[in-house]
Amino acid sequence: MDRSRPLARRPLVALLTATALAATGMTALSSAARAADADLARNGGFESGLDGWSCTAGATVNSPVHSGSSALKATPAGSDNARCAQTVTVQPNSQYTLSGYVRGSYVYLGADGTGTTDVSTWTQSAPDWQRLTTTFRTGPSTTRVTVHTHGWYGTGAYHADDITLVGPGGETGQPPAPPTGLRAGTVTSTSVALSWSPVSGASGYAVYRDGAKIRTVNGTSATVSGLSPSTAYAFQVAAVNDAGESARSATVTATTATPDSGGGDSGLPAHALVGYLHASFANGSGYTRLADVPDSWDVIDLAFGEPTSVTSGDIRFDRCPAAECPGVESDAEFKAAIKAKQAAGKKVLISIGGQNGQVQLTTTAARDLFVSSVSKIIDEYGLDGLDIDFEGHSLSLNADDTDFRNPRTPVIVNLISALKTLKARYGDDFVLTMAPETFFVQLGYQYYGTGKWGGQDPRAGAYLPVIHALRDDLTLLHVQDYNSGPIMGLDNQYHSMGGADFHIAMTDMLLTGFPVAGDADNVFPPLRADQVAIGMPATVNAGNGHVSPAEVTKALDCLTKRANCGSYTTHGTWPGLRGLMTWSINWDRFGGWEFQRTFDGYFG
């Protein structure tokens, strides 16, 4: 999916000069640690992964390290400087020394929220481990300070290790009161949604199932998944702060549902309108609040969850900041809007990837982190499922991977495994959709991977093994019939964007099936009509390949009624075609809701 993010950056030289002056000014402070001082940084050597740290684009590595067996590696990209931060409890009016070892170009170490002067020290070039250190004094009412490290835009990866914050420990105070109002919401055969009232002074909440702590969350809701059908469970929650954990709440019990008999469609209407909502960024279409999305939209894909690095598997969903998206709702309002949409029968999904979110699950560790991080997003926001929108170089096939029914390439095998795990974890009601480009699907009729003699683009047809392996779990496939080059249809003619014939030919291939790379003994089987929606751009601004409402209607007539067809002859009639997908809801609003009105006018 196309998008752009406006970048607002200070000139590098000016910022480095200002930072250097601030660091130099702070060196006059004493760095001597008192006898009672202690190292307050948690997991400063990154021996426990990123535990205690919040990183936009970081992961732990085993080499190079300054000491121990692990270190941080973080890679700035685009408008992200790969910041890793940790908030530490401190004492007011106290002296602290912040130190750490770094490698790389333009690496920073600093502290925010000191209550006096925030500090930062940096190195322009550190080809080997170099120690950075700075000192600060907390303000008269400061009890929490955030320490951080980051790089600089476009200068490559940096490493950090053995970060320490030495000074007197902060007063932890008393644990918070126990939560009240615990209640069970939506119950499926494998999950129970819980919510409770907020507790003053709590920084998080521990969730217990049958007396055992199963997770800690930041908000006042959680969906407990991976449960057995037709089984009673007892739940409690406790409030958490720096001082510890409260007593547990009163117990609430819930019995999971009896599973469906199989083959369900996750509660979608017979004909569904699917759209992407720009939730993490802004562009020329303007920001649209989730609560303002009209009722016509049956599936709302939140765009986008993106990885901390291409191969990490660690997916994060960062909502658009107010500076970039004026009028953006608060987290509480956003979550309330999700619940309201779900109460109205709509499905709200997290979409992973997009144009900028390259995801390559090259290892089983990345696969497992993908599952856990995506689950965290789904649970935090109470979402209905997941949309896979891997683009660019996320998926490609190894040279020896020639059979879509038995894939061998790690990024393919690991993605299939991850999606099956998520489906099993959340159960039959979990909505799984995919939005590949034609290059990764229909192009497979002619080319698959590098080909028998090599030399082809290894990404050709690379989605086919994923779709095939998940076809029994797949709710919707809506291929992006836009931003595409000419694609050969089953009539062995090339079809180009801009009219109904392109959508008819591309959809017919999915519903008829086709031999992969021309091999009659290697046929990709057809999908059910209720699993397929047609992906189109909402306006001419949204992407190449926009068609008029008349051409949309013509494509639907041909596929569902075998009427009003053009030059392409379909291989069947599919009145159960699920519907339409568009990039995007924001662009459709920008265009006066033309796409939505076309759908409503056709399907009612």
Side-chain angles (χ1 to χ4, degrees), residues 1 186 260 263-277 279 288 290 292-303 337-338 340-351 383-389 423 426 428-436 441 467 470-482 503-504 506-507 510-511 526-538 542 547 549 552-553 555-561 573-589 593-604:
M1 307 292 183
T186 302
D260 296 335
D265 61 10
S266 299
L268 294 181
H271 301 293
L273 180 60
V274 182
Y276 289 79
L277 184 70
T288 300
L290 178 56
D292 295 335
V293 175
D295 288 341
S296 293
W297 300 89
D298 300 298
V299 180
I300 302 168
D301 293 319
L302 304 178
I338 291 173
K341 290 297 179 186
Q342 292 167 333
K346 313 305 178 183
K347 305 297 181 182
V348 185
L349 317 182
I350 180 65
S351 180
L383 302 177
D384 296 291
L386 170 67
D387 173 68
I388 296 298
D389 183 16
K423 179 69 176 181
Y426 290 101
D428 295 334
D429 294 334
F430 186 72
V431 179
L432 176 62
T433 67
M434 299 182 191
V441 183
I467 298 168
L470 275 300
R471 63 173 55 242
D472 291 337
D473 299 310
L474 185 63
T475 309
L476 278 179
L477 176 71
H478 31 63
V479 175
Q480 301 177 36
D481 286 359
Y482 45 92
H503 298 295
I504 294 167
M506 295 302 100
T507 307
L510 302 176
L511 298 174
L527 293 167
R528 302 190 316 268
D530 64 272
Q531 290 180 294
V532 176
I534 309 173
M536 303 177 175
V547 295
V552 176
T553 297
L556 292 173
D557 278 346
C558 184
L559 291 163
T560 64
K561 304 173 184 177
T573 306
W574 301 279
L577 180 74
R578 181 63 76 177
L580 300 177
M581 174 275 279
T582 193
W583 177 260
S584 61
I585 295 172
N586 303 63
W587 278 117
D588 196 35
R589 181 182 184 181
W593 301 114
E594 179 184 84
F595 194 87
Q596 172 194 305
R597 287 187 282 107
T598 301
F599 175 89
D600 288 344
Y602 193 87
F603 289 112

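Just the heavy atoms: all of them, side chains too, but no hydrogens, waters or symmetry mates, feed the values below. Bear in mind that the values here come from a model prediction, so they are computed numbers and not experimental data.
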**Q** Is a side-chain N or O of T582 found less than 3.5 angstrom from the main chain of M536, in a donor-acceptor match?
**A**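 It does hold such a pair.
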**Q** In the structure I gave you, are the side-chain heavy atoms of L580 and L556 within less than 4.5 Å of one another anywhere?
**A** yes
**Q** Taking the side chain from H478 and the backbone from M434, do they hold a donor-acceptor pair closer than 3.5 Å?
**A** yes
**Q** Taking the side chain as everything from C-beta on, heavy atoms only, tell me whether V441 gets closer than 4.5 Å to L510.
**A** yes
**Q** Rounded to the nearest 0.5 Å, what separates atom NE2 in H271 from atom OG1 in T560?
**A**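 Interatomic distance, H271 NE2 to T560 OG1, rounded to 0.5 Å: 7.5 Å.
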**Q** If you apply the rule side-chain contact (heavy atoms from CB on, under 4.5 Å), what do you find for L277 with D301, and how did you get there?
**A** CA-CA 6 Å; L277 184 70; D301 293 319; over 6 Å; no
**Q** Nearest 0.5 angstrom please: R471 CZ to L477 CG, how far?
**A** 10.0 Å
**Q** Identify the two heavy atoms, one from D530 and one from L476, that lie closest to each other, and give their separation to 0.1 Å.
**A** O-CD2, 3.7 Å
**Q** CD of Q342 to CG of D384: how many Å apart, nearest 0.5 Å?
**A**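 Here the rounded value is 4.0 Å.
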**Q** Between F599 and F603, how do the two ring planes meet: parallel, tilted or perpendicular, split at 30° and 60°?
**A** tilted
**Q** Identify the heavy atoms of S584 and A538 that sit nearest to each other, and give their distance.
**A** O-CB, 3.7 Å
**Q** Verify, without hydrogens or angle tests, whether K341 (side chain) and I300 (backbone) share a donor-acceptor contact under 3.5 angstrom.
**A**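 No: the side chain of K341 does not pair with the backbone of I300.
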**Q** Are any of the side-chain heavy atoms of V547 and H503 separated by less than 4.5 Å?
**A** yes
**Q** In Å, rounded to the nearest 0.5 Å, how long is the span from CG of D588 to CG of L273?
**A**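 It is 8.0 Å, given to the nearest 0.5 Å.
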**Q** Report the residues that fulfil salt bridge (charged side-chain N to carboxylate O under 4.0 Å, His left out) with D292, sequence neighbours left out, ordered by chain and then residue number.
**A**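 Counting only residues at least two positions away or on another chain, D292 forms no salt bridge (charged side-chain N to carboxylate O under 4.0 Å, His left out).
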**Q** Got T433 and V274 here, is their nearest side-chain heavy-atom distance under 4.5 Å?
**A** no
**Q** A side-chain contact here means heavy atoms from C-beta on lying under 4.5 Å apart; do I467 and L527 qualify?
**A** yes
**Q** Is it true that the side chains of Y276 and D389 contain a donor and an acceptor less than 3.5 Å apart?
**A** no
**Q** Under the ring pair (Phe, Tyr, Trp, His ring centres under 6.0 Å) test, which residues partner F595, sequence neighbours left out?
**A** none
**Q** Would Y602 and D557 count as having a side-chain donor-acceptor pair, cut-off 3.5 Å?
**A**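 Distance-only check passes for Y602 and D557.
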**Q** Is any side-chain heavy atom of L577 closer than 4.5 Å to one of L511?
**A** yes
**Q** Quick one: does Q480's side chain have a donor or acceptor within less than 3.5 Å of a partner on G535's backbone?
**A** no
**Q** Among K347, K346, R578, whose salt bridge (charged side-chain N to carboxylate O under 4.0 Å, His left out) with D298 holds?
**A** K346
**Q** Between atom OG1 of T475 and atom CG of D387, what is the distance when rounded to the nearest 0.5 Å?
**A**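 Going from the OG1 atom of T475 to the CG atom of D387 covers 10.5 Å.
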**Q** Once you round to the nearest 0.5 Å, how far does OG of S351 lie from CG of L383?
**A** 11.5 Å
**Q** Between the side chain of E594 and the main-chain N/O of P549, is any donor-acceptor distance below 3.5 Å?
**A**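 Not confirmed, E594 side chain does not pair with P549 backbone.
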**Q** Under the side-chain hydrogen bond (donor to acceptor under 3.5 Å, both in side chains) test, which residues partner W574, sequence neighbours left out?
**A**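 W574 satisfies side-chain hydrogen bond (donor to acceptor under 3.5 Å, both in side chains) with no other residue.
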